[in-house]
Protein chains: 2
Amino acid sequence: MTTDQKRQTRKKYYTQFAKIYVAVDCIIFGFLDNTLKILLRTRDFEPGLGKSSLIGGFVKEEESLDDAAARILHDLTGLENVFLEQLYTHGEIDRDPGERVISVSYYALLKVQDLDHDHVEQHGARWCNVGECNRLIFDHNEMVEKALARLRRRAKNQPIGFELLPRKFTIPQLQMLYEAIYQKKFDNRNFRKKLLAMDVLEKLEIKDKSTSKKGAYLYRFDKKRYNKLIQNGFLFDL
Amino acid sequence: MTTDQKRQTRKKYYTQFAKIYVAVDCIIFGFLDNTLKILLRTRDFEPGLGKSSLIGGFVKEEESLDDAAARILHDLTGLENVFLEQLYTHGEIDRDPGERVISVSYYALLKVQDLDHDHVEQHGARWCNVGECNRLIFDHNEMVEKALARLRRRAKNQPIGFELLPRKFTIPQLQMLYEAIYQKKFDNRNFRKKLLAMDVLEKLEIKDKSTSKKGAYLYRFDKKRYNKLIQNGFLFDL
DNA sequence: CCAAAAGTGTTGACCGTACACCCATGA
DNA sequence: TCATGGGTGTACGGTCAACACTTTTGG
């Protein structure tokens, strides 16, 4: 029996219970102008018409939560295979003043240089500095706070910072990203030392001269090497 | 306008979208016989009749997710004000072979000595050693894994171990709890040193002689002191 | 008096942090 | 030639981990 056939032959076991609208809201991070930003949109429907909100949508009957999040992200950005992780599910009864909706939040990290900015703008989205995007509808500010907390925790223990940079990047670039995430300065010697000691970056023989006359060496995150190290009990820790 | 009135006057904004069954499943931890255990139940209805499962139930129209979890926990244990934290939301389409149900998992930490064990048994629940409770229905094993991972992370950085012990406990008791959680031995001198250095325990002038002839001093977690320290930037770290 | 659990300090290794100067180059 | 950002090494202090013996007392 195929999965589709199984689905069609399902009995009605739970008719006595209530069904509820389920939404997905995405906190989409990007790194532009050495600043950490998220994508916001202005609501074009009630309730909350005209107010700022995260990028979201309803979960369909025949898609998983992860699929819904990926669909919503893809519709807006045109991108696939973006880093996406579930965060938290908000289930207060009156969180949406329209009707009862529970919302599963996801955060995404994307490489802005892969993005078609016109496409994004045509969908009514815009980049907003993290920390300046308060006054969102419903409980969306809380979602952003949780996403930031998660990003900060993860970035320390998992190599996800690279998801926000081009595949080839310089050490100063990476450091500025981390400074944007944690909102504090790092000592450049210590940062380099610790980072390179982990031995997960491949140094390229090319320099990026776009930000200095001397130029900075480009590096690439070596995922295969990272996975091998992980299997041997190595822990990423910046 | 009262909250109830608001709710009744809600418009129908989202009728074009699908509604979905939402369940809550609880991973309920307890510390018995120096072992970390969770509460399981045998399903007495289809689908999955006769199989082992977590303690769960459906979310009602007029209750929040947190309230649903607290209700389910209270129905089974008779306890209130138990430590309860949301974990993850499982949303695969076919995770429940009956109908489509998404499930929000919560983990709970309870003091087993507060428990009416007859009441629990009458509700068909039993304690099962963590690590020996595989072969659960649906994706419940995955939920247990996630709960364990979260417990381990939290126990290191937040004083939640105390939620699993009596209000008055001994240092050796606490150490055995941590050994059960992390499945490894700790050096007792180092454990004491680090723990007492944090200065969040109040030493009582009574000894517990139930496990040794010499007797071990009882301690109490000083929550007020802990909160004060936290405000000054102190970090719990065991 | 002895078995069994409670309680106590020291040392060496390692890691995190603080800190300042030279290099390369385009303009 | 100079201004700008890139790149480099060392020393100190604190934290973590390893380690063994004494104390208490009920049976």
Side-chain angles (χ1 to χ4, degrees), chain A residues 31 33-35 152-153 155-157 165-166 168-220 229 233-238, chain B residues 31 33-35 152 155-157 165-166 168-180 182-220 229 233-238:
Chain A
F31 187 55
D33 311 322
N34 288 333
T35 314
R152 286 178 179 146
R153 181 158 57 75
K156 183 162 176 53
N157 300 310
L165 293 179
K168 298 175 182 179
F169 53 86
T170 67
I171 309 286
Q173 244 185 314
L174 188 65
Q175 183 175 342
M176 284 188 290
L177 169 63
Y178 272 78
E179 291 178 342
I181 292 176
Y182 293 100
Q183 286 292 296
K184 70 169 185 182
K185 291 285 175 194
F186 293 94
D187 179 276
N188 65 338
R189 281 169 287 191
N190 294 336
F191 186 83
R192 281 184 108 85
K193 203 190 319 169
K194 207 166 170 182
L195 183 71
L196 294 175
M198 289 193 290
D199 204 24
V200 295
L201 294 190
E202 182 188 354
K203 184 176 183 174
L204 307 177
E205 293 310 315
I206 328 155
K207 282 191 166 187
D208 169 21
K209 298 210 170 187
S210 64
T211 56
S212 81
K213 296 161 185 178
K214 182 177 178 181
Y217 279 106
L218 286 165
Y219 289 79
R220 189 159 47 190
L229 288 172
F234 159 79
L235 293 178
F236 185 93
D237 181 45
L238 242 182
Chain B
F31 187 55
D33 312 322
N34 288 334
T35 313
R152 285 178 180 144
K156 183 161 177 55
N157 300 313
L165 293 178
K168 298 175 183 179
F169 53 87
T170 67
I171 307 287
Q173 243 184 315
L174 188 66
Q175 183 174 342
M176 284 189 290
L177 169 62
Y178 272 77
E179 290 177 345
Y182 293 99
Q183 287 293 299
K184 71 169 185 181
K185 291 286 176 190
F186 293 93
D187 179 275
N188 65 338
R189 281 169 288 188
N190 293 336
F191 186 82
R192 281 186 111 82
K193 203 189 317 169
K194 208 166 170 183
L195 184 71
L196 294 175
M198 289 194 289
D199 204 24
V200 294
L201 294 189
E202 181 188 356
K203 183 175 183 174
L204 306 176
E205 292 309 314
I206 329 153
K207 281 190 165 189
D208 168 21
K209 296 211 170 188
S210 64
T211 56
S212 81
K213 293 159 184 175
K214 183 179 179 181
Y217 279 105
L218 286 166
Y219 289 79
R220 190 160 44 191
L229 289 171
F234 159 81
L235 292 178
F236 186 92
D237 180 45
L238 241 180

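In the text below, chain A, chain B and the rest are named by the order of the sequence lines, each starting its count at 1.
Rounded to a whole Å, the CZ atom of A:F191 is 14 Å from the P atom of C:dG16. One atom, NZ of A:K185, and another, C1' of C:dA18, lie 17 Å apart when rounded to the nearest Å. The distance from atom CZ of A:F186 to atom C1' of D:dG6 is 19 Å, rounded to the nearest whole Å. Whole-Å rounding puts the B:K209 NZ to C:dA6 P distance at 13 Å. Following rounding to the nearest Å, B:R192 (CZ) and D:dA18 (P) show an atom-to-atom distance of 19 Å. Between the CG atom of B:L196 and the P atom of C:dG9 there is a distance of 12 Å, given to the nearest Å. Atoms NZ (A:K184) and C1' (C:dT17) sit 11 Å apart, rounded to a whole Å. Between A:Y219 atom OH and D:dG6 atom P the separation is 12 Å, expressed in whole Å.
In this structure, B:F186 and B:Y182 have perpendicular ring planes: the angle between them is above 60°, well past the 30° mark.
In the set C:dC19, C:dT25, D:dA18, D:dA18 carries the atom at the smallest distance from any side-chain atom of B:N190.
Taking the side chain as every heavy atom from C-beta outward, B:M198 and B:K194 never approach each other to under 4.5 Å.
No hydrogens or angles were tested; on distance alone, nothing pairs the side chain of A:K207 with the base of C:dT25 as donor and acceptor under 3.5 Å. A donor-acceptor contact under 3.5 Å is not formed by the side chain of B:K214 with the base of D:dT25. Evaluation of atom-type donor-acceptor distances gives no pair under 3.5 Å for the side chain of B:K213 against the base of D:dT23. Taking 3.5 Å as the limit, the base of C:dA6 and the side chain of B:N188 contain no donor-acceptor pair of atoms between them.
Along DNA chain D, the nucleotide nearest B:D237 and the nucleotide nearest B:S212 are compared for position; the residue whose nucleotide lies closer to the 5' end is B:D237. Nearer the 5' end of DNA chain C, as judged by each residue's closest nucleotide, is the contact made by B:P172, out of B:D187 and B:P172.
For C:dG9, neither phosphate oxygen OP1 nor OP2 lies less than 4.0 angstrom from any side-chain nitrogen or oxygen of B:K193. A:R189 has no side-chain polar atom (N or O) that falls below the 4.0 Å cut-off from OP1 or OP2 of D:dG7. Under 4.0 angstrom from either OP1 or OP2 of D:dC16 there lies at least one side-chain N or O belonging to B:K194.
For the residue pair A:D33 / A:T35, no side-chain donor-acceptor distance below 3.5 Å is found, with atom types taken as modelled.
Rounding to the nearest 0.5 Å gives a distance of 4.0 Å between CG of B:D237 and NZ of B:K156.
A:L165 and A:F31 make their closest contact through CD2-CD2, 3.8 Å (heavy atoms, listed as atom of the first residue, atom of the second, distance).
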